[in-house]
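Structure, as structure tokens:
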Number of protein chains: 2
Amino acid sequence: MPRVGLNQQTVVREAARLADEVGFQQLTLAALASRLGVALPSLYKHVRGADALAQKLAVLATAELATEMTTAAVGRSGGDALRAMADAYRGYALRHPGRYPATQRVPDPADPEHVEAGERAVGAIFAVLRGYGLTGDDAVDATRALRSALHGFVTLEAAGGFGLPRDIDRSYHQLVASMDISFRSWPRTGG
Amino acid sequence: MPRVGLNQQTVVREAARLADEVGFQQLTLAALASRLGVALPSLYKHVRGADALAQKLAVLATAELATEMTTAAVGRSGGDALRAMADAYRGYALRHPGRYPATQRVPDPADPEHVEAGERAVGAIFAVLRGYGLTGDDAVDATRALRSALHGFVTLEAAGGFGLPRDIDRSYHQLVASMDISFRSWPRTGG
DNA sequence: CTTTAAAGCTAAGCCACTTAGCCAACGTTG
DNA sequence: CAACGTTGGCTAAGTGGCTTAGCTTTAAAG
């Protein structure tokens with residue numbers, strides 16, 4: 001049998017593509033193996049199993065998302081940076097419906113790459129909030145608020161949870177605009 | 001064999017209890033059957049299958065959540081109502097970690113009970129926003145924003161996504177306070 | 001050319017869900 | 001009270017996931 005020549009990276013990359021096509025929950029080792037042209041157990045030469053694959057996919061997706069958020073915000077500040085980053089965030093989730101859910105896995109402390117990617121993503125938000133004068137505990141609270149709002153929105157959108165006909169882009173922009181207002185007048189604790 | 005005397009309601013109720021103990025994803029027909037003291041296939045006399053069970057669980061949980069949100073807000077208005085409802089929302093998610101995720105299933109149009117429960121939940125939010133003078137498209141946008149913020153927060157919290165030591169209750173209250181500010185000065189479109 | 005690490009394979013087992021078909025308990029009715 | 005039909009329980013069997021064990025063969029390294 002001729003070798004296909006896989007390695008962990010090719011496997012994880014193809015998993016990401018497949019997840020975007022069929023959905024994160026429908027990503028299966030069987031489908032991935034067939035896509036790569038190998039028998040299912042062969043995948044175990046490159047990833048420890050289904051859970052490890054999901055974790056590696058989380059690293060890939062988190063790193064990509066962090067990069068896009070950072071890139072969007074660079075050279076901007078205040079509401080400008082916030083809007084750009086928020087658009088990048090939702091854009092990633094819409095373009096990569098299978099990868100995005102993977103990013104919600106909490107970083108594995110044993111995987112430095114994962115930890116680094118997570119820190120870059122949170123760091124990007126932190127940097128934008130510094131533009132609003134938010135630091136310390138205030139910045140922590142505001143970061144959680146922003147993550148919650150963005151994640152909640154794209155999750156509900158992806159699930160088809162917004163039933164009414166009102167335009168979804170519009171609603172998102174209003175949400176971001178309202179976060180902008182919030183950050184300007186954040187209820188400071190002085191932390 | 002003596003009969004256990006199950007019906008759909010007892011099955012779904014027990015599924016809800018079990019889900020809260022082991023987690024929504026870990027809710028399995030096998031575990032449920034053993035908990036109820038019957039063989040697995042016997043469950044099919046009461047629910048059509050795993051997916052239908054998840055749907056019925058969604059109805060139960062959505063109805064409970066809607067009731068708690070409504071109850072919390074009744075007799076209050078403005079920021080008072082918002083805070084009470086937000087606390088009820090997160091409280092439900094924390095007390096029922098297995099049921100809460102079930103509520104995210106989009107209502108089945110073929111199940112009037114499901115549709116009604118969903119409408120009650122959204123209606124409760126709508127009512128609170130009316131207290132801010134928000135109606136029409138503004139209310140739709142604001143509802144989506146509030147749902148996103150609350151859902152995003154409790155989801156991230158449940159996933160352990162808030163790494164830093166900063167107190168989570170505090171962050172939640174700040175989030176709700178910031179939404180209160182947002183709704184007071186909502187960027188109106190006059191829809 | 002030999003050796004060896006590793007990338008592929010088949011076989012087999014586990015656990016989840018589902019369907020088919022049987023049997024016994026119970027409520028109803030004469 | 002007895003017969004009957006409904007229905008709630010059962011076992012058996014099949015599908016499709018994931019995983020492990022162990023073999024074979026490729027291909028690289030000496």
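All chains are named by letter (A, B, ...) in the order of the sequence lines, taking the proteins before the strands, and each is independently numbered beginning at 1.
The distance between atom CG of B/Leu43 and atom C1' of D/dT7, rounded to the nearest whole Å, is 15 Å. Here C/dA24 presents its C1' atom at 12 Å from NZ of B/Lys45, a figure rounded to the nearest Å. Whole-Å rounding puts the A/Asn7 CG to C/dA6 C1' distance at 13 Å. The interatomic distance linking A/Leu32 (CG) with D/dT19 (P) rounds to 13 Å, in whole Å.
B/Ser42 has no side-chain polar atom (N or O) that falls below the 4.0 Å cut-off from OP1 or OP2 of D/dG8. Look at A/His46 and you won't find any side-chain N or O under 4.0 angstrom from OP1 or OP2 of C/dA6.
Although no hydrogens or angles enter the test, the distance criterion places a donor-acceptor pair under 3.5 Å between the side chain of B/His114 and the main chain of B/Asp108. Looking only at distances, a side-chain donor or acceptor of B/Ser178 sits under 3.5 Å from a matching main-chain atom of B/Leu175. A donor-acceptor contact shorter than 3.5 Å links the side chain of B/His173 to the backbone of B/Asp169.
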Review item, nucleotides 15-18 of chain C N/O atoms under 3.5 Å of protein N/O:
{"residue": "C/dA16", "atom": "O3'", "partner": "B/Thr28", "partner atom": "OG1", "Å": "3.3"}
{"residue": "C/dC17", "atom": "OP1", "partner": "B/Leu29", "partner atom": "N", "Å": "3.2"}
{"residue": "C/dC17", "atom": "OP2", "partner": "B/Thr28", "partner atom": "OG1", "Å": "3.0"}
{"residue": "C/dC17", "atom": "OP2", "partner": "B/Leu29", "partner atom": "N", "Å": "3.0"}
{"residue": "C/dC17", "atom": "OP2", "partner": "B/Ala30", "partner atom": "N", "Å": "3.4"}
{"residue": "C/dT18", "atom": "OP2", "partner": "B/Tyr44", "partner atom": "OH", "Å": "2.7"}
{"residue": "C/dT18", "atom": "OP2", "partner": "B/Ala50", "partner atom": "N", "Å": "2.6"}
{"residue": "C/dT18", "atom": "O5'", "partner": "B/Tyr44", "partner atom": "OH", "Å": "3.0"}

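For B/Glu157, the side chain to side chain contact (heavy atoms under 4.5 Å, CB included) partners at least two apart in sequence or on another chain are B/Arg90, B/Leu94, B/Phe153, B/Phe162, B/Ile168. Listed by chain and number, the residues in a salt bridge (charged side-chain N to carboxylate O under 4.0 Å, His left out) with A/Arg120 are A/Glu116 (sequence neighbours excluded).
Between the side chain of A/Arg3 and the base of D/dA27, no donor-acceptor pair under 3.5 Å is found.
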Let me have the donor-acceptor pairs involving side chains of residues 36-45 of chain B, under 3.5 Å, with sequence neighbours excluded, atom names and distances please.
{"residue": "B/Ser42", "atom": "OG", "partner": "B/Ala39", "partner atom": "O", "Å": "3.2"}

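Out of D/dT7, C/dC9, D/dG9, the shortest distance to the side chain of A/Ala39 is found at C/dC9.
A salt bridge links A/Asp137 with B/Arg166: the closest approach of a Lys/Arg side-chain nitrogen to an acidic carboxylate oxygen falls below 4.0 angstrom. Using a 4.0 Å cut-off between charged side-chain N and carboxylate O, A/Glu113 and A/Lys56 make no salt bridge. A salt bridge is defined here as a Lys NZ or Arg NE, NH1 or NH2 lying under 4.0 Å from an Asp or Glu carboxylate O, and A/Asp20 with A/Arg95 fails to meet this definition.
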Candidate pair A/Tyr89 and A/Tyr172, rule ring pair (Phe, Tyr, Trp, His ring centres under 6.0 Å), full reasoning: CA-CA 11 Å; A/Tyr89 190 96; A/Tyr172 189 69; 8.3 Å; no
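For A/Tyr92 and A/His96, the ring centers are positioned less than 6.0 Å apart.
Residues from residues 11-24 of chain B with heavy atoms under 4.0 angstrom of DNA chain C: there are none.
Each end of the helix from C/dC1-D/dG30 to C/dG30-D/dC1 gets its own axis from five base pairs, and the two axes differ in direction by 10°, given to 10 degrees.
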